[in-house]
Protein chains: 2
Amino acid sequence: MRKSRTFEDVIAQIEQRIADDGLTVGDRLPGERQLAEQLQVGRSSVREALRVLETLGVITSQAGRGPDAGAVLISRPESALADLLRLHLGTASLALPEVIDTRLMIEQWAVQHVDAPEAMEVMRSALDSMEAAASFEEFVDHDVTFHMGVALLSGNRLLAATMRALRQTIHAYSVSAVRTAGRTDVLMADHWRIYELVGARDGQGAARAVADHLAHAYPSLTGEGPARSGDPA
Amino acid sequence: MRKSRTFEDVIAQIEQRIADDGLTVGDRLPGERQLAEQLQVGRSSVREALRVLETLGVITSQAGRGPDAGAVLISRPESALADLLRLHLGTASLALPEVIDTRLMIEQWAVQHVDAPEAMEVMRSALDSMEAAASFEEFVDHDVTFHMGVALLSGNRLLAATMRALRQTIHAYSVSAVRTAGRTDVLMADHWRIYELVGARDGQGAARAVADHLAHAYPSLTGEGPARSGDPA
DNA sequence: ACCATAGTATGGTCTGACCATATGAGGAAG
DNA sequence: CTTCCTCATATGGTCAGACCATACTATGGT
């Protein structure tokens, strides 16, 4: 059993306060000094707790004065997920194929469990922007939007956040992949096919189209199976 | 554009050092005071940076002296994911059905993309333990192990970590669900069916079995969430 | 009514001190 | 020589106080 540290208590108490007061996105927390006095701890402990919450995408901090200053509750899980992926890729405790596989899983699931068809509008306008893109970077940016739209089809915010984090993580890789290919017509055809099949409510067909698309987008990783390794229990 | 804070620079530099030196799990970082002097920043900034890295499951800190003291690189993405889910559920920016759906997605994917069949041994021994469980808590504990085994079938560490975090998040819910049901025979039959179908390499059948199982385990959420749309697969 | 300025509350950082913990060295006892 | 105890020491954890940068807010002059 590990003795709990002060800042962990602070996190727990802030969490409790959020639950008790029913705080949601947009609400404000007391200032650091005030919080420290209320909880009878040092300001540094409060700061470390807030830092953790900020890392997890639950709050954001803004200096100065006024309604937007201080710690404000937000909902930005994707930034935490993106940091998570980046760091664990850095320490080799996660490999790119595993990330790509996860992306495939989410998109296939989303097109087969459409619960928010209005996301198709996002996909549609992204497609138009991609057609008009003047650079590979711009093309990839709208490509990200398109695939965010795909994830949004599920109506599941956790999947959407994960998708955003995934794309953020592999962004550089995506750009270089498109640049290497040098052409976008194949990818565009894939996108249109996915869009049409989703519109036709052909989930299985769309899932196949998604798989084909990712195979085109990441030729070097196809069939490469995720890196194996024992899981430290 | 936002001015970068000191501790963010520290994170970046530590990250850079990890990349340059090829540090992996088990390696140690310099002490807080030493790091502060090297980077010419205050110790508090170093501490906030380390706190972020700890939150993301990349390092762990241990006081005292010796080889295990100080900041050691680890790989524990599941704790970060679990914190993430818990907090965002708390602020109502995420709902339980979304989490359950994600779990279904991962398990269905895993049984259809088996890349590490040795995980079946984990499933098997978990089943034996479940049969012998003396309490609902114990039953659920081994149930978690079984479903971790399912996730491990994919050979994808990201999915395994996510599954562990999901189960941790819904643990209390799982226990109360089993307790309310008062019987475990239906659930055990589901588990055996999944195990058999995976063993027979019947991915689609196993996927159906997983869906049936979750419907049994979370009756109150079935049909409630984003899950809609006919999915014969 | 408008604008410039000072005031002030907030987060961000640094310094130095002290506490808690766990190892490792060195001496005392057997 | 071995064993055990004690103490020095290195490390993270916490606190207090100070100062800076920022951005709103009130004040007062025009």
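Values in this document were obtained by computation on a predicted structure and should not be read as measured data.
The A:Arg33 side chain lies nearest to C:dT10 when the options are C:dT10, D:dT9, D:dT11.
Atom CD in B:Glu48 sits roughly 15 Å away from atom C1' in D:dG12 (whole-Å rounding). The distance from atom CG of B:Asp68 to atom P of C:dA22 is 12 Å, rounded to the nearest whole Å. With rounding to whole Å, B:Leu39 atom CG is found 13 Å from C:dT15 atom P. Put simply, CD on A:Glu37 is 15 Å from C1' on D:dC15, counting in whole angstrom units. Going from atom CG of B:Leu50 over to atom C1' of D:dT11 covers 12 Å, rounded to whole Å. Atom-to-atom, CZ of B:Phe7 to P of C:dC14 comes out at 12 Å; the value is rounded to the nearest Å. The distance from atom CG of B:Leu35 to atom C1' of D:dT11 is 13 Å, rounded to the nearest whole Å. For the pair A:Arg28 CZ and C:dT10 P, the computed distance is 7 Å after rounding to whole Å.
Across all strands shown, A:Gly64 has heavy atoms under 4.0 Å from base atoms, whether or not it also approaches the sugar-phosphate.
Using a cut-off of 4.0 Å between Lys/Arg side-chain N and Asp/Glu carboxylate O, B:Arg179 and B:Glu137 are scored as salt-bridged. A:Arg28 has no carboxylate O lying under 4.0 Å from a charged side-chain N of A:Asp68, or vice versa, which leaves the two without a salt bridge. Comment: A:Glu48 does not engage A:Arg5 in a salt bridge, judged by the lack of any side-chain N to carboxylate O separation of less than 4.0 angstrom.
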Original post:
Does the side-chain hydrogen bond (donor to acceptor under 3.5 Å, both in side chains) test come out yes or no for A:Asp83 and A:Thr55, once each step is laid out?
Top reply: CA-CA 9 Å; A:Asp83 290 341; A:Thr55 300; over 6 Å; no

**OP:** Take B:His147 and B:His213 through the test ring pair (Phe, Tyr, Trp, His ring centres under 6.0 Å) and record every step on the way to the result.
**Re:** CA-CA 11 Å; B:His147 289 282; B:His213 173 52; 5.1 Å; yes

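Residue B:Ser45 has a polar side-chain atom (N or O) positioned under 4.0 Å from OP1 or OP2 of C:dC14. Listed pair B:Arg5 / C:dG12 meets the phosphate criterion, a side-chain N or O lying under 4.0 Å from OP1 or OP2. In this model, the phosphate group of D:dG12 is not approached by any side-chain N or O of B:Arg51 to a distance below 4.0 Å at OP1 or OP2.
Closest-nucleotide positions on DNA chain D for B:Pro30 and A:Ala63 were compared, and the one nearer the 5' end corresponds to B:Pro30. For the pair B:Arg65 and A:Glu32, nearest-nucleotide mapping onto DNA chain C gives the more 5' position to A:Glu32. Of the two residues near DNA chain C, B:Thr6 and B:Arg43, the one whose nearest nucleotide lies more 5' is B:Thr6.
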